[in-house]
Amino acid sequence: MNKKHIDELNIAEENKIVRDNINNLNDEYNVYITIFDDDFNKEKIPYALKDNISLKGKRMTAGSKYLKSYISPYNATVVDRLNDKYNVVGKTNLDSFAFGSSTENSGYFITKNPYDKSRVAGGSSGGSAAAVGLNMATFALGTDTGGSVRLPASFCGVVGYKPTYGLLSRYGLAAMGSSLDVPGIISRSVYDCSYVLNSLISKDPKDVQTYESEVNDFTQFNISGKPKIGLIKELNTQLFTNMMGKDVYSNYLSSIKLLSQDFDFVEISFKDIEYSLPAYYIITPSEISSNMARYDGIRFGGDEAKHNSIDEIYYSGRELFEDEVKRRIFIGNFSLSSGYADKYYENAVSIRNEIRNKLSDIFNSIDAIFLPTSPNVAFEIGSKTTNPVEMYMEDIFTVSANIAGIPAISIPSGFNEKHLPIGMQLFAKRKDDFKLLSFANRCEEIFNFNND
Ligand code: GLN
(Lines give C-alpha, C1' and ligand atoms only; values in the text may rest on other atoms or scores of the structure.)
Protein backbone atom coordinates (compact mmCIF):
# COMPACT_ATOMS: atom_id res chain seq x y z
CA MET A 1 0.00 0.00 0.00
CA ASN A 2 1.26 3.47 -0.89
CA LYS A 3 2.65 4.97 2.30
CA LYS A 4 2.80 8.51 0.92
CA HIS A 5 0.37 10.99 2.38
CA ILE A 6 -2.56 11.87 0.17
CA ASP A 7 -1.18 15.37 -0.50
CA GLU A 8 2.17 13.96 -1.66
CA LEU A 9 0.81 11.56 -4.27
CA ASN A 10 1.56 11.82 -7.96
CA ILE A 11 -2.08 12.04 -8.99
CA ALA A 12 -1.73 10.70 -12.54
CA GLU A 13 0.26 7.72 -11.26
CA GLU A 14 -2.22 7.11 -8.45
CA ASN A 15 -5.09 7.15 -10.95
CA LYS A 16 -3.33 4.55 -13.04
CA ILE A 17 -2.69 2.25 -10.10
CA VAL A 18 -6.27 2.56 -8.89
CA ARG A 19 -7.67 2.03 -12.39
CA ASP A 20 -5.52 -1.08 -12.97
CA ASN A 21 -6.50 -2.53 -9.62
CA ILE A 22 -10.18 -1.95 -10.33
CA ASN A 23 -9.84 -3.71 -13.70
CA ASN A 24 -7.88 -6.60 -12.25
CA LEU A 25 -9.58 -7.18 -8.93
CA ASN A 26 -13.22 -6.17 -9.01
CA ASP A 27 -14.57 -9.49 -10.32
CA GLU A 28 -12.48 -11.37 -7.80
CA TYR A 29 -13.45 -9.35 -4.70
CA ASN A 30 -16.88 -7.84 -5.56
CA VAL A 31 -15.98 -4.38 -4.37
CA TYR A 32 -17.87 -2.01 -6.70
CA ILE A 33 -21.51 -2.31 -7.78
CA THR A 34 -21.00 0.40 -10.42
CA ILE A 35 -17.70 1.52 -11.98
CA PHE A 36 -17.41 4.81 -13.88
CA ASP A 37 -15.02 3.93 -16.68
CA ASP A 38 -15.52 7.15 -18.62
CA ASP A 39 -15.31 9.48 -15.69
CA PHE A 40 -11.69 8.79 -14.92
CA ASN A 41 -10.04 12.08 -14.15
CA LYS A 42 -6.27 12.29 -14.06
CA GLU A 43 -6.09 15.59 -12.22
CA LYS A 44 -8.18 14.54 -9.26
CA ILE A 45 -7.63 12.01 -6.51
CA PRO A 46 -9.76 8.88 -7.12
CA TYR A 47 -12.14 7.88 -4.33
CA ALA A 48 -14.88 5.32 -3.81
CA LEU A 49 -18.41 6.17 -2.73
CA LYS A 50 -20.63 3.81 -0.78
CA ASP A 51 -23.70 3.16 -2.89
CA ASN A 52 -26.11 4.70 -0.38
CA ILE A 53 -24.66 8.18 -1.00
CA SER A 54 -26.13 10.21 -3.87
CA LEU A 55 -24.08 11.10 -6.94
CA LYS A 56 -26.03 13.18 -9.43
CA GLY A 57 -27.09 11.41 -12.62
CA LYS A 58 -25.76 8.05 -11.47
CA ARG A 59 -27.49 4.94 -10.24
CA MET A 60 -27.77 4.54 -6.47
CA THR A 61 -28.88 1.07 -5.41
CA ALA A 62 -28.24 1.34 -1.63
CA GLY A 63 -27.25 -2.31 -2.04
CA SER A 64 -30.85 -3.31 -2.68
CA LYS A 65 -32.54 -4.80 -5.72
CA TYR A 66 -35.41 -2.45 -4.91
CA LEU A 67 -33.37 0.51 -6.18
CA LYS A 68 -31.60 -1.28 -9.02
CA SER A 69 -32.57 1.36 -11.55
CA TYR A 70 -32.92 4.45 -9.37
CA ILE A 71 -30.87 7.45 -10.59
CA SER A 72 -29.91 10.12 -8.02
CA PRO A 73 -31.22 13.52 -9.11
CA TYR A 74 -28.73 15.44 -6.95
CA ASN A 75 -25.39 15.19 -5.16
CA ALA A 76 -25.02 14.48 -1.48
CA THR A 77 -23.41 17.43 0.31
CA VAL A 78 -20.31 15.35 1.07
CA VAL A 79 -19.89 14.68 -2.67
CA ASP A 80 -20.31 18.35 -3.57
CA ARG A 81 -17.68 19.31 -1.04
CA LEU A 82 -15.13 16.91 -2.50
CA ASN A 83 -15.74 17.79 -6.14
CA ASP A 84 -12.88 20.27 -6.55
CA LYS A 85 -10.03 17.94 -5.66
CA TYR A 86 -11.47 14.45 -5.83
CA ASN A 87 -13.22 12.21 -8.32
CA VAL A 88 -15.61 9.30 -7.67
CA VAL A 89 -14.45 6.19 -9.54
CA GLY A 90 -17.31 3.93 -8.53
CA LYS A 91 -20.09 3.10 -6.10
CA THR A 92 -19.24 0.39 -3.59
CA ASN A 93 -21.11 -2.62 -2.31
CA LEU A 94 -22.94 -2.62 1.03
CA ASP A 95 -25.52 -4.57 2.97
CA SER A 96 -28.92 -3.68 1.60
CA PHE A 97 -29.79 -0.16 2.88
CA ALA A 98 -26.72 -0.47 5.17
CA PHE A 99 -28.42 -3.05 7.41
CA GLY A 100 -25.68 -5.50 8.31
CA SER A 101 -22.08 -6.14 9.29
CA SER A 102 -20.69 -8.21 6.41
CA THR A 103 -22.26 -7.24 3.02
CA GLU A 104 -23.93 -10.67 3.09
CA ASN A 105 -27.26 -8.79 3.11
CA SER A 106 -26.43 -7.05 -0.17
CA GLY A 107 -28.87 -7.65 -3.02
CA TYR A 108 -25.88 -7.96 -5.39
CA PHE A 109 -22.92 -9.90 -4.06
CA ILE A 110 -20.68 -10.47 -1.05
CA THR A 111 -17.49 -8.42 -0.87
CA LYS A 112 -14.47 -10.58 -0.07
CA ASN A 113 -11.83 -9.76 2.47
CA PRO A 114 -8.57 -8.43 0.97
CA TYR A 115 -6.57 -10.75 3.26
CA ASP A 116 -8.60 -13.94 2.79
CA LYS A 117 -11.20 -14.41 0.08
CA SER A 118 -13.14 -16.98 2.11
CA ARG A 119 -13.92 -14.27 4.68
CA VAL A 120 -16.13 -11.20 4.75
CA ALA A 121 -14.83 -7.64 4.37
CA GLY A 122 -17.21 -6.51 7.12
CA GLY A 123 -20.14 -4.19 6.74
CA SER A 124 -22.09 -2.43 5.98
CA SER A 125 -19.45 -0.33 4.14
CA GLY A 126 -17.58 -3.53 3.16
CA GLY A 127 -17.06 -2.44 -0.46
CA SER A 128 -15.59 0.90 0.65
CA ALA A 129 -13.19 -0.73 3.15
CA ALA A 130 -12.07 -3.40 0.66
CA ALA A 131 -11.59 -0.71 -2.01
CA VAL A 132 -9.09 1.07 0.23
CA GLY A 133 -7.51 -2.18 1.45
CA LEU A 134 -6.97 -3.36 -2.13
CA ASN A 135 -5.78 0.02 -3.48
CA MET A 136 -8.86 0.25 -5.67
CA ALA A 137 -9.36 3.82 -4.37
CA THR A 138 -7.16 6.31 -2.51
CA PHE A 139 -9.85 6.62 0.16
CA ALA A 140 -13.57 5.97 0.44
CA LEU A 141 -16.67 7.43 1.97
CA GLY A 142 -19.04 5.24 3.93
CA THR A 143 -21.83 5.72 6.42
CA ASP A 144 -21.81 4.77 10.09
CA THR A 145 -25.08 4.29 11.96
CA GLY A 146 -23.85 1.56 14.29
CA GLY A 147 -20.27 0.88 13.22
CA SER A 148 -20.51 0.46 9.46
CA VAL A 149 -17.34 2.43 8.76
CA ARG A 150 -15.23 1.18 11.68
CA LEU A 151 -16.05 -2.53 11.61
CA PRO A 152 -15.17 -3.15 7.93
CA ALA A 153 -12.11 -0.90 8.29
CA SER A 154 -10.87 -3.13 11.12
CA PHE A 155 -11.53 -6.29 9.05
CA CYS A 156 -9.62 -4.86 6.07
CA GLY A 157 -6.61 -3.34 7.87
CA VAL A 158 -7.43 0.31 7.18
CA VAL A 159 -8.51 3.40 9.14
CA GLY A 160 -12.26 4.02 9.67
CA TYR A 161 -13.51 7.26 11.20
CA LYS A 162 -16.99 8.10 12.43
CA PRO A 163 -17.30 11.84 13.16
CA THR A 164 -19.38 13.45 15.90
CA TYR A 165 -23.04 13.34 14.91
CA GLY A 166 -23.66 16.62 13.07
CA LEU A 167 -20.06 17.37 12.04
CA LEU A 168 -20.80 16.10 8.51
CA SER A 169 -24.00 16.51 6.56
CA ARG A 170 -26.40 13.61 6.06
CA TYR A 171 -27.99 15.30 3.06
CA GLY A 172 -28.07 12.85 0.16
CA LEU A 173 -27.56 9.69 2.25
CA ALA A 174 -30.20 6.95 2.05
CA ALA A 175 -31.60 7.44 5.55
CA MET A 176 -31.28 4.52 7.96
CA GLY A 177 -31.54 5.62 11.60
CA SER A 178 -31.67 9.40 11.23
CA SER A 179 -30.72 10.17 14.84
CA LEU A 180 -27.52 8.12 14.44
CA ASP A 181 -26.53 8.32 10.74
CA VAL A 182 -23.24 10.01 9.83
CA PRO A 183 -21.01 9.84 6.74
CA GLY A 184 -17.55 8.53 7.59
CA ILE A 185 -14.10 8.24 6.02
CA ILE A 186 -12.13 5.08 5.28
CA SER A 187 -8.47 5.70 4.48
CA ARG A 188 -4.93 4.36 4.45
CA SER A 189 -3.84 6.59 7.33
CA VAL A 190 -5.17 8.94 9.98
CA TYR A 191 -3.42 11.79 8.15
CA ASP A 192 -5.32 11.06 4.91
CA CYS A 193 -8.58 10.88 6.84
CA SER A 194 -7.94 14.25 8.51
CA TYR A 195 -6.92 15.79 5.20
CA VAL A 196 -10.14 14.70 3.50
CA LEU A 197 -12.15 15.79 6.54
CA ASN A 198 -10.88 19.36 6.04
CA SER A 199 -12.86 19.54 2.77
CA LEU A 200 -16.02 18.04 4.24
CA ILE A 201 -16.72 20.16 7.31
CA SER A 202 -18.82 23.26 7.88
CA LYS A 203 -22.48 23.67 8.54
CA ASP A 204 -24.91 22.60 5.83
CA PRO A 205 -28.23 24.44 5.57
CA LYS A 206 -29.68 21.22 4.11
CA ASP A 207 -29.08 19.30 7.36
CA VAL A 208 -30.31 21.02 10.52
CA GLN A 209 -28.21 18.76 12.72
CA THR A 210 -24.93 20.08 11.33
CA TYR A 211 -22.84 22.57 13.26
CA GLU A 212 -19.86 24.77 12.49
CA SER A 213 -16.54 23.15 13.38
CA GLU A 214 -14.18 25.17 15.56
CA VAL A 215 -11.19 23.47 13.94
CA ASN A 216 -10.53 23.96 10.25
CA ASP A 217 -7.30 22.03 9.80
CA PHE A 218 -7.50 18.57 11.29
CA THR A 219 -4.03 17.58 10.07
CA GLN A 220 -2.16 19.83 12.55
CA PHE A 221 -2.12 17.02 15.12
CA ASN A 222 -1.38 18.24 18.59
CA ILE A 223 -1.10 16.35 21.88
CA SER A 224 -0.20 18.10 25.09
CA GLY A 225 1.25 16.11 27.98
CA LYS A 226 0.31 12.50 28.54
CA PRO A 227 -3.40 12.15 27.79
CA LYS A 228 -5.59 10.07 30.06
CA ILE A 229 -7.20 7.15 28.27
CA GLY A 230 -9.99 5.11 29.85
CA LEU A 231 -10.08 1.32 29.75
CA ILE A 232 -13.52 -0.13 30.35
CA LYS A 233 -13.12 -2.48 33.30
CA GLU A 234 -16.24 -4.48 32.36
CA LEU A 235 -14.46 -5.67 29.19
CA ASN A 236 -12.40 -7.94 31.41
CA THR A 237 -15.49 -9.69 32.77
CA GLN A 238 -16.54 -13.07 31.43
CA LEU A 239 -19.47 -11.65 29.51
CA PHE A 240 -17.05 -9.87 27.19
CA THR A 241 -14.01 -12.11 27.33
CA ASN A 242 -16.23 -15.03 26.24
CA MET A 243 -17.50 -12.99 23.34
CA MET A 244 -14.06 -11.86 22.22
CA GLY A 245 -11.67 -13.94 20.18
CA LYS A 246 -8.44 -14.69 22.08
CA ASP A 247 -6.52 -12.99 19.27
CA VAL A 248 -8.47 -9.74 19.65
CA TYR A 249 -8.23 -9.76 23.44
CA SER A 250 -4.50 -10.37 23.48
CA ASN A 251 -3.96 -7.68 20.82
CA TYR A 252 -6.00 -5.31 23.02
CA LEU A 253 -3.75 -6.03 26.01
CA SER A 254 -0.52 -5.78 24.06
CA SER A 255 -1.68 -2.56 22.37
CA ILE A 256 -2.24 -0.99 25.78
CA LYS A 257 1.30 -1.95 26.78
CA LEU A 258 2.75 -0.44 23.63
CA LEU A 259 0.76 2.78 23.91
CA SER A 260 1.60 3.28 27.59
CA GLN A 261 4.76 5.13 26.61
CA ASP A 262 2.62 8.05 25.39
CA PHE A 263 -0.73 7.64 27.13
CA ASP A 264 -1.75 7.29 30.72
CA PHE A 265 -4.27 4.43 30.95
CA VAL A 266 -6.85 4.52 33.72
CA GLU A 267 -9.64 2.12 34.54
CA ILE A 268 -13.21 3.36 34.13
CA SER A 269 -16.55 1.72 34.68
CA PHE A 270 -18.99 1.75 31.75
CA LYS A 271 -21.36 -1.03 32.62
CA ASP A 272 -23.97 0.32 30.23
CA ILE A 273 -21.93 -0.86 27.27
CA GLU A 274 -23.75 -4.14 27.84
CA TYR A 275 -27.11 -2.43 27.16
CA SER A 276 -25.98 -0.43 24.17
CA LEU A 277 -26.56 -3.27 21.71
CA PRO A 278 -30.15 -4.10 22.76
CA ALA A 279 -30.99 -0.37 22.84
CA TYR A 280 -29.44 0.11 19.38
CA TYR A 281 -31.35 -2.82 17.91
CA ILE A 282 -34.66 -1.28 19.05
CA ILE A 283 -33.98 2.40 18.28
CA THR A 284 -32.47 1.81 14.83
CA PRO A 285 -35.17 -0.53 13.45
CA SER A 286 -37.81 1.86 14.83
CA GLU A 287 -36.30 4.72 12.85
CA ILE A 288 -35.74 2.39 9.88
CA SER A 289 -39.41 1.40 9.80
CA SER A 290 -40.35 5.04 9.50
CA ASN A 291 -37.62 5.89 6.95
CA MET A 292 -38.51 2.90 4.76
CA ALA A 293 -42.09 4.14 4.37
CA ARG A 294 -40.86 6.27 1.45
CA TYR A 295 -40.36 3.10 -0.62
CA ASP A 296 -44.01 2.87 -1.51
CA GLY A 297 -43.69 1.82 -5.15
CA ILE A 298 -44.32 5.36 -6.36
CA ARG A 299 -41.42 7.64 -5.46
CA PHE A 300 -38.26 5.56 -5.71
CA GLY A 301 -37.39 2.63 -7.91
CA GLY A 302 -39.93 -0.11 -7.42
CA ASP A 303 -40.06 -0.49 -11.18
CA GLU A 304 -41.40 -3.99 -10.83
CA ALA A 305 -44.53 -2.65 -9.16
CA LYS A 306 -47.68 -3.48 -11.06
CA HIS A 307 -49.89 -0.49 -11.47
CA ASN A 308 -53.40 -1.88 -11.79
CA SER A 309 -54.52 -0.96 -8.30
CA ILE A 310 -53.17 0.91 -5.29
CA ASP A 311 -52.60 -2.40 -3.48
CA GLU A 312 -50.52 -3.70 -6.37
CA ILE A 313 -48.38 -0.57 -6.31
CA TYR A 314 -47.77 -0.94 -2.60
CA TYR A 315 -47.17 -4.65 -2.43
CA SER A 316 -45.62 -5.90 -5.65
CA GLY A 317 -42.38 -3.89 -5.44
CA ARG A 318 -41.85 -5.01 -1.86
CA GLU A 319 -40.77 -8.46 -3.01
CA LEU A 320 -37.53 -6.83 -4.03
CA PHE A 321 -36.64 -6.08 -0.42
CA GLU A 322 -33.96 -8.39 0.96
CA ASP A 323 -34.80 -10.47 4.06
CA GLU A 324 -32.93 -8.27 6.54
CA VAL A 325 -34.80 -5.22 5.26
CA LYS A 326 -38.12 -6.92 5.97
CA ARG A 327 -36.88 -8.09 9.37
CA ARG A 328 -35.92 -4.55 10.43
CA ILE A 329 -39.22 -3.08 9.24
CA PHE A 330 -41.09 -5.71 11.27
CA ILE A 331 -38.99 -5.20 14.41
CA GLY A 332 -39.36 -1.42 14.13
CA ASN A 333 -43.09 -1.47 13.60
CA PHE A 334 -43.50 -3.88 16.48
CA SER A 335 -41.38 -1.79 18.90
CA LEU A 336 -43.35 1.32 18.02
CA SER A 337 -46.80 -0.25 18.07
CA SER A 338 -49.27 0.84 20.72
CA GLY A 339 -49.16 -1.40 23.75
CA TYR A 340 -45.48 -2.25 23.12
CA ALA A 341 -43.90 1.15 22.58
CA ASP A 342 -43.21 1.83 26.27
CA LYS A 343 -41.78 -1.63 26.81
CA TYR A 344 -39.48 -1.46 23.78
CA TYR A 345 -38.98 1.89 22.06
CA GLU A 346 -39.37 4.17 25.06
CA ASN A 347 -37.32 1.88 27.24
CA ALA A 348 -34.54 1.88 24.64
CA VAL A 349 -34.63 5.68 24.46
CA SER A 350 -34.22 5.95 28.23
CA ILE A 351 -31.23 3.58 28.05
CA ARG A 352 -29.84 5.80 25.32
CA ASN A 353 -30.14 8.84 27.62
CA GLU A 354 -28.45 6.94 30.41
CA ILE A 355 -25.57 5.96 28.10
CA ARG A 356 -25.18 9.56 26.93
CA ASN A 357 -25.11 10.88 30.48
CA LYS A 358 -22.74 8.21 31.67
CA LEU A 359 -20.31 8.86 28.83
CA SER A 360 -20.39 12.59 29.33
CA ASP A 361 -19.59 12.02 33.06
CA ILE A 362 -16.73 9.73 32.09
CA PHE A 363 -15.26 12.33 29.73
CA ASN A 364 -15.09 14.83 32.61
CA SER A 365 -12.08 12.98 33.94
CA ILE A 366 -10.46 11.38 30.87
CA ASP A 367 -9.57 12.39 27.28
CA ALA A 368 -10.58 9.26 25.36
CA ILE A 369 -11.65 5.62 25.71
CA PHE A 370 -9.71 2.73 24.16
CA LEU A 371 -11.36 -0.56 23.17
CA PRO A 372 -11.36 -3.15 20.36
CA THR A 373 -13.41 -2.35 17.26
CA SER A 374 -15.04 -5.75 17.03
CA PRO A 375 -14.91 -8.86 19.22
CA ASN A 376 -13.54 -10.96 16.35
CA VAL A 377 -11.45 -10.71 13.23
CA ALA A 378 -13.13 -11.07 9.80
CA PHE A 379 -15.29 -14.20 9.88
CA GLU A 380 -15.87 -16.87 7.23
CA ILE A 381 -18.50 -16.05 4.62
CA GLY A 382 -21.75 -17.79 5.61
CA SER A 383 -20.72 -18.50 9.20
CA LYS A 384 -23.15 -16.02 10.80
CA THR A 385 -26.00 -15.82 8.33
CA THR A 386 -28.29 -18.38 9.93
CA ASN A 387 -28.63 -16.47 13.18
CA PRO A 388 -29.15 -12.70 12.80
CA VAL A 389 -28.48 -12.08 16.51
CA GLU A 390 -25.01 -13.58 16.16
CA MET A 391 -24.33 -11.08 13.40
CA TYR A 392 -25.70 -8.22 15.54
CA MET A 393 -23.24 -9.20 18.31
CA GLU A 394 -20.33 -8.12 16.09
CA ASP A 395 -21.48 -4.53 16.70
CA ILE A 396 -21.19 -4.71 20.49
CA PHE A 397 -18.16 -2.38 20.66
CA THR A 398 -19.17 0.14 18.00
CA VAL A 399 -22.81 1.08 18.66
CA SER A 400 -22.40 3.04 21.91
CA ALA A 401 -20.53 5.79 20.02
CA ASN A 402 -23.53 6.19 17.69
CA ILE A 403 -26.01 6.08 20.54
CA ALA A 404 -24.11 8.87 22.29
CA GLY A 405 -23.33 10.80 19.06
CA ILE A 406 -19.62 10.92 19.95
CA PRO A 407 -16.65 10.61 17.53
CA ALA A 408 -14.86 7.27 17.17
CA ILE A 409 -12.11 5.83 15.03
CA SER A 410 -10.73 2.38 14.26
CA ILE A 411 -6.97 2.05 13.72
CA PRO A 412 -5.24 -1.12 12.49
CA SER A 413 -3.32 -2.50 15.47
CA GLY A 414 -1.81 -5.74 14.19
CA PHE A 415 -2.53 -9.20 12.83
CA ASN A 416 -3.57 -12.51 14.34
CA GLU A 417 -1.65 -15.72 13.66
CA LYS A 418 -3.58 -16.22 10.39
CA HIS A 419 -2.44 -12.79 9.20
CA LEU A 420 -5.92 -11.29 9.53
CA PRO A 421 -5.97 -7.63 10.60
CA ILE A 422 -7.22 -6.46 14.00
CA GLY A 423 -8.46 -2.95 14.77
CA MET A 424 -8.60 -0.91 17.97
CA GLN A 425 -10.94 2.01 18.62
CA LEU A 426 -10.74 5.36 20.32
CA PHE A 427 -13.85 7.24 21.50
CA ALA A 428 -13.75 10.91 22.46
CA LYS A 429 -16.17 13.50 23.80
CA ARG A 430 -18.75 15.05 21.48
CA LYS A 431 -17.03 17.58 19.17
CA ASP A 432 -13.57 16.44 20.28
CA ASP A 433 -12.79 15.07 16.80
CA PHE A 434 -9.51 16.95 16.58
CA LYS A 435 -8.25 15.42 19.81
CA LEU A 436 -9.46 11.99 18.67
CA LEU A 437 -7.58 12.25 15.37
CA SER A 438 -4.42 13.55 17.07
CA PHE A 439 -4.43 10.57 19.44
CA ALA A 440 -5.24 8.16 16.62
CA ASN A 441 -2.34 9.48 14.59
CA ARG A 442 0.01 8.85 17.52
CA CYS A 443 -1.40 5.33 18.01
CA GLU A 444 -0.85 4.65 14.33
CA GLU A 445 2.79 5.74 14.60
CA ILE A 446 3.31 3.46 17.59
CA PHE A 447 1.49 0.45 16.09
CA ASN A 448 3.49 0.85 12.88
CA PHE A 449 1.02 -1.46 11.13
CA ASN A 450 2.21 -2.73 7.77
CA ASN A 451 -0.64 -3.38 5.38
CA ASP A 452 1.41 -4.74 2.51
N1 GLN B 1 -24.11 -3.45 11.70
C2 GLN B 1 -25.01 -2.43 12.16
C3 GLN B 1 -26.42 -2.75 11.73
O4 GLN B 1 -26.60 -3.69 11.02
C5 GLN B 1 -24.56 -1.09 11.71
C6 GLN B 1 -25.01 -0.66 10.37
C7 GLN B 1 -24.55 0.71 9.97
O8 GLN B 1 -23.78 1.36 10.67
N9 GLN B 1 -25.04 1.14 8.82
O10 GLN B 1 -27.34 -2.06 12.08
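Note that the structure is predicted; figures quoted are calculated from it, not measured. Indexing begins at 1, ligand by ligand and atom by atom, following the structure's order.
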- For a side-chain contact (heavy atoms from CB on, under 4.5 Å) with L420, tell me which candidate from Y115, F379, F155 qualifies. Y115
- Side-chain donor/acceptor of E104 to backbone N/O of G382, under 3.5 Å: yes
- Task: Say whether, by atom type as modelled, one donor and one acceptor occur between the side chain of D181 and the main chain of M176 under 3.5 angstrom.
- Result: yes
For the 3.5 Å polar cut-off, considering only N or O atoms, please tell me whether [X] and ligand 1 meet it.
X    : result
S148 : yes
G146 : yes
G123 : no
T145 : yes
Y281 : yes
R328 : yes

- Message: Both conditions, 6.0 Å and 45 degrees, for the charged tip of K91 above the ring of Y32: are they met here?
- Response: no
- Query: Checking K358 against F270: charged group under 6.0 Å from the ring centre and within 45 degrees of the axis?
  - Reply: no
- Note on the structure: the protein heavy atom lying closest to atom 2 (C) of ligand 1 turns out to be D395 OD2, 3.1 Å
- Check the side chains of S178 and N291 for a donor-acceptor pair under 3.5 angstrom, ignoring hydrogens and angles. yes
For [X], the ligand 1 atoms whose distance to one of its heavy atoms is below 4.0 Å:
X    : answer
G100 : 1 (N), 2 (C), 3 (C), 4 (O), 6 (C)
G147 : 8 (O)
S124 : 9 (N)

- Query: Do F97 and Y295 have ring centroids that are under 6.0 Å from one another?
  - Reply: yes
- Side chain or backbone of E394 under 4.0 Å from ligand 1, or both, or neither, by non-hydrogen atoms? neither
- Of Y280, Y392, F99, which has the heavy atom at the shortest distance from atom 10 (O) of ligand 1? Y280
- Residue pairs meeting side chain to side chain donor-acceptor pair (under 3.5 Å), one or both in residues 191-214, sequence neighbours left out, come to D7-Y191, T77-D204, K85-Y195, S169-D204, R170-D207, S189-D192, N198-D217
